[in-house]
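Presented below is the structure to which this report refers.
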Amino acid sequence: MSDDQCTSGTDGAAQEAGGVPGAAEPGGPPFAECVLCREPTEYPESHKGITLCPVCAWQEAQRTACSG
């Protein structure tokens, strides 16, 4: 191993994919698209139900938190 490699614990593929862990990993399973923005999510395509990316999930939680 080389001492000049960064060992910050982050995956380079995840950073290139917008910070979504596992998204767009070469050779990885196909990931489901967000139903709102069509960005890749952290869920596999076989995931049942509505799939949201982390950004849309956070925004949806903000909208529903204030509706009473």
Side-chain angles (χ1 to χ4, degrees):
M1 276 207 308
S2 174
D3 290 334
D4 62 335
Q5 291 181 345
C6 178
T7 57
S8 63
T10 58
D11 184 17
Q15 288 178 342
E16 291 174 11
V20 178
E25 282 184 17
F31 291 93
E33 290 183 341
C34 176
V35 296
L36 299 177
C37 69
R38 302 185 56 95
E39 290 293 321
T41 66
E42 47 199 28
Y43 302 107
E45 283 185 348
S46 61
H47 181 76
K48 303 275 190 231
I50 297 173
T51 55
L52 297 174
C53 69
V55 173
C56 290
W58 181 82
Q59 291 173 345
E60 186 66 23
Q62 290 294 313
R63 281 191 287 269
T64 59
C66 294
S67 62

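Every value quoted in this text rests on a predicted model; they were computed, and no experiment measured them.
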task = Show your reasoning for whether side chain to side chain contact (heavy atoms under 4.5 Å, CB included) applies to T41 and L52.
result = CA-CA 6 Å; T41 66; L52 297 174; 5.8 Å; no

key: Where at least one partner belongs to residues 49-62, residue pairs that pass salt bridge (Lys or Arg N to Asp or Glu O under 4.0 Å), sequence neighbours excluded   = E60-R63

note = Only residue of E45, E39, R38 satisfying side-chain contact (heavy atoms from CB on, under 4.5 Å) with E33 is R38

message = Hydrophobic clusters here meaning ILVMFWY residues chained together by side-chain heavy-atom distances under 4.5 Å, can you tell me if I50 and Y43 are in one?
response = no

task = Determine the minimum heavy-atom distance between C53 and C34, stating which atoms define it.
result = N-SG, 3.4 Å

